[in-house]
Asker: 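Shown below is the structure under consideration.
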Amino acid sequence: MTERAAVKAALKTQAVETPSWAYGNSGTRFKVFAQQGVPRTPREKLDDAAKVHEFTGVAPTVALHIPWDKVDDYAALARHAEDRGLRLGAINSNTFQDDDYRLGSVCHPDAAVRRKAVDHLLECVDIMDATGSKDLKLWFADGTNYPGQDDIRARQDRLAEALAEVYGRLGDDQRMLLEYKLFEPAFYTTDVPDWGTAYAHCLKLGPKARVVVDTGHHAPGTNIEFIVATLLREGKLGGFDFNSRFYADDDLMVGAADPFQLFRIMYEVVRGGGLSGDVAFMLDQCHNVESKIPAIVRSVMNVQEATAKALLVDRDALAAAQREGDVLGANAVLMDAFSTDVRPLLREVREEMGLDPDPMAAYARSGWAEKIVAERVGGEQAGWGA
């Protein structure tokens with residue numbers, strides 16, 4: 001197989017999971033702008049996700065968020081996804097929107113609140129059993145705002161205890177993916193603030209616990225690709241929440257703020273074997289001022305483009321330059337790959353997959369946007385927190 005053919009083969013097998021909540025009304029902490037045609041039910045979210053997969057060919061799974069996507073029959077929801085050429089992906093828990101969680105959830109000083117939070121996480125595993133989902137994705141808003149507000153070490157003990165109980169409930173083919181975030185909504189301490197904390201808990205739990213890297217959850221200037229390389233080396237990278245940030249957890253379209261960073265991350269993924277392994281590539285974005293489905297299509301394409309450039313890095317030339325201490329030569333190898341226009345290559349890949357070479361134009365011509373605006377009248381639109 002030629003190098004070009006190998007790159008194309010890798011791109012054809014890549015999969016990017018889209019989040020159910022991105023199809024609903026979601027936005028900033030300041031304001032959420034409602035749009036016409038937004039889904040009213042989890043099934044309608046899946047209908048929109050099917051269009052993203054139809055035109056990109058690489059978005060076959062959809063992450064659910066509980067209770068935002070709560071239904072009476074999850075097996076039926078899974079069948080609805082299958083009927084549209086999709087599968088249900090990661091189950092995302094919610095331990096941050098109930099009034100009881102004002103002082104935390106699994107780290108709360110009150111044992112009754114901790115019990116409530118853990119029971120919700122166990123419910124999410126039950127849902128995984130019903131949907132066939134592989135991954136339970138956990139993000140905790142737990143933390144404190146003031147020095148002395150709570151015992152920092154005790155909160156870590158409570159977190160470990162909760163994680164251990166949920167870990168014990170997982171099936172043989174299920175995983176726990178633990179996400180971290182530097183700050184917000186707590187501002188003094190966050191109970192899972194960085195990859196080291198998440199890694200320490202996952203290491204203690206066992207092989208079914210992995211770390212999730214959200215590209216928007218770091219301090220400015222953080223070298224995310226170093227984190228990715230390290231977690232891959234340790235066999236503890238479970239997945240990504242891809243988005244883009246200018247300041248903090250902006251949840252903008254992946255690749256929008258710094259496409260070079262996304263390329264660097266994807267190179268480490270390729271270098272570490274993550275592209276052909278069990279690393280889950282997921283989007284976690286809000287689309288507030290842009291149209292939702294086209295924004296998700298474009299986001300999937302952004303990940304594809306960064307991946308294609310990462311695959312084009314001449315690793316033999318790079319290794320030779322590194323061995324020789326050729327600083328500029330090594331950097332040039334990376335820069336040459338990043339500067340390559342991979343859009344013609346990706347058009348070829350799509351045509352060989354039986355897809356339109358221009359997913360954005362194909363979606364615009366499909367009439368789906370007009371159809372959902374006309375048909376989705378009445379009811380309650382899905383939105384952030386609903």
Asker: Distance from Ser366 atom OG to Phe55 atom CZ, nearest 0.5 Å?
Answerer: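 Reported to 0.5 Å precision, the distance equals 4.0 Å.
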
Asker: Count the heavy atoms belonging to other residues, nucleotides or ligands that lie under 6.0 Å from CZ of Arg271, then report whether that count exceeds 12.
Answerer: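 Incorrect, the count does not exceed 12.
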
Asker: The test is side-chain hydrogen bond (donor to acceptor under 3.5 Å, both in side chains); show your working for Ser291 and Gln35 and say whether it passes.
Answerer: CA-CA 8 Å; Ser291 298; Gln35 298 182 19; 4.6 Å; no

Asker: Check this for me, if you would: do Lys51 and Glu54 make a salt bridge, where the nitrogen-to-carboxylate-oxygen distance has to be below 4.0 angstrom?
Answerer: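 Here Lys51 pairs with Glu54 in a salt bridge, since their nearest N and O are under 4.0 Å apart.
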
Asker: Any side-chain to backbone donor/acceptor pair from Asn94 onto Gln97? Under 3.5 Å, distance only.
Answerer: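 Confirmed, Asn94 side chain pairs with Gln97 backbone.
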
Asker: When you measure from the side chain of Arg40 to the backbone of Val377, do you find a donor-acceptor pair of N or O atoms at a distance under 3.5 Å?
Answerer: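 Such a contact is found between Arg40 side chain and Val377 backbone.
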
Asker: Side chains of Gln285 and Asn243: any donor to acceptor distance under 3.5 Å?
Answerer: no

Asker: Please report the shortest heavy-atom distance between Gly238 and Arg175, naming the atom on each side.
Answerer: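 Closest approach of Gly238 to Arg175, heavy atoms only: O-NH2, 3.3 Å.
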
Asker: Report yes if some heavy atom in the side chain of Leu177 is under 4.5 Å from a heavy atom in the side chain of Val211; otherwise report no.
Answerer: no

Asker: Using the ring of Phe338 (Phe, Tyr or Trp, six-membered ring only), decide whether Lys309 places NZ or CZ under 6.0 Å from its centre and within 45 degrees of its axis.
Answerer: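 Because its charged atom sits under 6.0 Å from the ring centre and within 45° of the axis, Lys309 does stack over Phe338.
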
Asker: What distance separates Ile293 CD1 from Tyr23 OH, expressed to the nearest 0.5 Å?
Answerer: 7.0 Å

Asker: For Asn145 and Ala186, work out which heavy atoms get closest and say how close.
Answerer: OD1-CA, 3.5 Å

Asker: Please lay out, stage by stage, how Asp214 and Trp139 fare under the test side-chain hydrogen bond (donor to acceptor under 3.5 Å, both in side chains).
Answerer: CA-CA 10 Å; Asp214 186 306; Trp139 172 71; over 6 Å; no

Asker: Is the number of heavy atoms from other residues, nucleotides or ligands within 6.0 Å of CZ (Phe226) greater than 12?
Answerer: no

Asker: Is there a side-chain hydrogen bond (donor to acceptor under 3.5 Å, both in side chains) between Asp251 and His287 once you walk through the steps?
Answerer: CA-CA 8 Å; Asp251 277 345; His287 304 291; over 6 Å; no

Asker: Heavy-atom distance under 4.5 Å between the side chains of Phe240 and Glu179, does that happen here?
Answerer: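 No, side chains not in contact.
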
Asker: Should Val125 and Leu205 be regarded as members of a common hydrophobic cluster, given that ILVMFWY residues are connected when their side-chain heavy atoms come within less than 4.5 Å of each other, either directly or indirectly?
Answerer: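 Yes; Leu205 is reachable from Val125 via cluster members.
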
Asker: Do you reckon Val62 sits in the same ILVMFWY cluster as Met253, going by side-chain contacts under 4.5 Å, direct or chained?
Answerer: no

Asker: Taking Asp284 for its side chain and Phe242 for its backbone only, find out whether a donor-acceptor pair lies under 3.5 Å.
Answerer: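 Flag not set: sc Asp284 to bb Phe242 has no pair under 3.5 Å.
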
Asker: Charged N to carboxylate O below 4.0 Å: is that the case for Arg87 and Glu82?
Answerer: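 Glu82 and Arg87: not salt-bridged.
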
Asker: Give, for atom CD1 of Ile127 and atom CG of Leu77, the distance between the pair rounded to the nearest 0.5 Å.
Answerer: 10.0 Å

Asker: Would the distance check show the side chain of Arg245 and the main-chain N or O of Tyr247 forming a donor-acceptor pair, the cut-off being under 3.5 Å?
Answerer: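 Indeed, once roles are kept as given, a pair shorter than 3.5 Å links the two residues.
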
Asker: May I have the step-by-step check of side-chain contact (heavy atoms from CB on, under 4.5 Å) for Lys116 and Asp100, ending in yes or no?
Answerer: CA-CA 9 Å; Lys116 174 180 177 178; Asp100 283 344; 2.8 Å; yes

Asker: Treating Ser339 as the side-chain partner and Asp336 as the backbone partner, does any N or O pair qualify as donor plus acceptor under 3.5 Å?
Answerer: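 Not a single qualifying donor-acceptor pair exists.
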
Asker: Should Glu348 and Arg4 count as an ion pair when the cut-off is N to O under 4.0 Å?
Answerer: yes

Asker: Could you tell me the separation between the CG atom of Leu262 and the OG1 atom of Thr215, rounded to the nearest 0.5 Å?
Answerer: 7.5 Å

Asker: Please assess Ser20 against Asp69 for the test side-chain hydrogen bond (donor to acceptor under 3.5 Å, both in side chains), listing each intermediate value before the final yes or no.
Answerer: CA-CA 8 Å; Ser20 68; Asp69 295 315; 2.5 Å; yes

Asker: Can you check whether Arg298 reaches Asn302 side chain to side chain, under 4.5 Å on heavy atoms?
Answerer: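 In contact.
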
Asker: Using side-chain heavy atoms (C-beta onward) and a distance below 4.5 Å, is Leu159 in contact with Gln156?
Answerer: yes

Asker: Could you tell me the separation between the OG atom of Ser244 and the CG atom of Leu252, rounded to the nearest 0.5 Å?
Answerer: 6.0 Å

Asker: Does NZ belonging to Lys12 count more than 12 external heavy atoms closer than 6.0 Å?
Answerer: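 Result for NZ/Lys12: enclosed.
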
Asker: Whether the side chain of Glu184 engages the backbone of His217 through a donor-acceptor N/O pair (distance < 3.5 Å, no angle test) should be reported.
Answerer: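 No, Glu184 side chain to His217 backbone: no donor-acceptor pair under 3.5 Å.
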
Asker: Do Phe260 and Met335 make a side-chain contact, defined as non-hydrogen atoms from C-beta onward lying under 4.5 Å apart?
Answerer: yes

Asker: According to a 4.5 Å side-chain heavy-atom criterion applied to Ile, Leu, Val, Met, Phe, Trp and Tyr, with indirect links allowed, do Leu312 and Phe263 form part of one hydrophobic cluster?
Answerer: no

Asker: Applying a strict under-4.5 Å side-chain criterion to I, L, V, M, F, W and Y, I'd like to know whether Leu232 and Tyr267 cluster together.
Answerer: no

Asker: Do Thr190 and Leu182 touch side chain to side chain, with heavy atoms closer than 4.5 Å?
Answerer: no

Asker: Aromatic rings Phe183 and Phe187: how do their planes relate, parallel, tilted or perpendicular, breaks at 30° and 60°?
Answerer: tilted

Asker: So, are Asp341 and Arg343 salt-bridged, with charged N and O less than 4.0 Å apart?
Answerer: yes

Asker: Is it the case that the side chains of Tyr199 and Thr230 hold a donor-acceptor pair, with the cut-off being a distance below 3.5 Å and no angle test?
Answerer: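 No, because no side-chain N or O of Thr230 sits under 3.5 Å from a partner of the opposite role on Tyr199.
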
Asker: Which pair of heavy atoms, one from Lys181 and one from Asp249, lies closest together, and at what distance?
Answerer: NZ-OD2, 2.9 Å

Asker: Taking Asp98 for the side chain and Thr95 for the main chain, is one N or O donor matched with an acceptor at less than 3.5 Å?
Answerer: no

Asker: Any side-chain donor-acceptor pair under 3.5 Å between Trp368 and Asp48?
Answerer: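 Their side chains do contain a donor-acceptor pair, which is all the 3.5 Å distance test asks for.
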
Asker: Quick one: do Glu3 and Arg315 make a salt bridge, cutoff under 4.0 Å?
Answerer: no

Asker: Check whether Arg114 reaches the backbone of His108 with its side chain - one donor and one acceptor, N or O, closer than 3.5 Å.
Answerer: yes

Asker: At what distance, to the nearest 0.5 angstrom, does CG of Leu138 lie from CG of Leu163?
Answerer: 6.5 Å

Asker: Is any side-chain heavy atom of Arg84 closer than 4.5 Å to one of His80?
Answerer: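 In short, these two side chains touch, coming nearer than 4.5 Å.
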
Asker: Looking at Gly89 and Ser133, what are the two nearest heavy atoms and their distance?
Answerer: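 Result for this residue pair: O-OG, 2.7 Å.
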
Asker: Does Gly171 offer a backbone N or O that forms a donor-acceptor pair with the side chain of Gln174 under 3.5 Å?
Answerer: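 Checking the backbone N and O of Gly171 against the side chain of Gln174, a donor-acceptor pair under 3.5 Å is found.
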
Asker: So, are Arg365 and Asp356 salt-bridged, with charged N and O less than 4.0 Å apart?
Answerer: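 The answer is yes: the pair qualifies as a salt bridge.
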
Asker: Which heavy-atom pair separates Arg155 from Pro109 by the least distance, and what is that distance?
Answerer: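 Looking at all heavy atoms of both residues, the shortest contact is NH1-CD, 4.2 Å.
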
Asker: Determine whether Gln36 and Ile372 make a side-chain contact, defined as any pair of heavy atoms from C-beta on separated by less than 4.5 Å.
Answerer: no

Asker: In plain terms, say whether Asp47 and Arg43 are close enough for a salt bridge, that is, a side-chain N and a carboxylate O under 4.0 Å apart.
Answerer: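 Looking at Arg43 together with Asp47, the answer is no, because their closest N to O distance does not fall below 4.0 Å.
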
Asker: Does either side chain, that of Arg350 or that of Gln304, offer a donor lying less than 3.5 Å from an acceptor on the other one?
Answerer: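 The criterion, which ignores hydrogens and geometry beyond distance, is satisfied for Gln304 and Arg350.
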
Asker: Are Met282 and Val16 co-members of a hydrophobic cluster defined by side-chain heavy atoms under 4.5 Å apart?
Answerer: no

Asker: For Thr197, is there any backbone N or O sitting under 3.5 Å from a side-chain donor or acceptor partner on Asp194?
Answerer: yes

Asker: Less than 4.0 Å between a side-chain N and a carboxylate O, is that true for Arg169 and Glu165?
Answerer: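 Looking at Arg169 together with Glu165, the answer is no, because their closest N to O distance does not fall below 4.0 Å.
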
Asker: Taking everything shown except Arg233 itself, do over 12 heavy atoms lie less than 6.0 Å from its CZ?
Answerer: no

Asker: Would you say the ring centers of Phe96 and Phe140 fall short of 6.0 Å from each other?
Answerer: no

Asker: Is Glu234 atom CD crowded by more than 12 heavy atoms from other residues, nucleotides or ligands, each under 6.0 Å away?
Answerer: yes

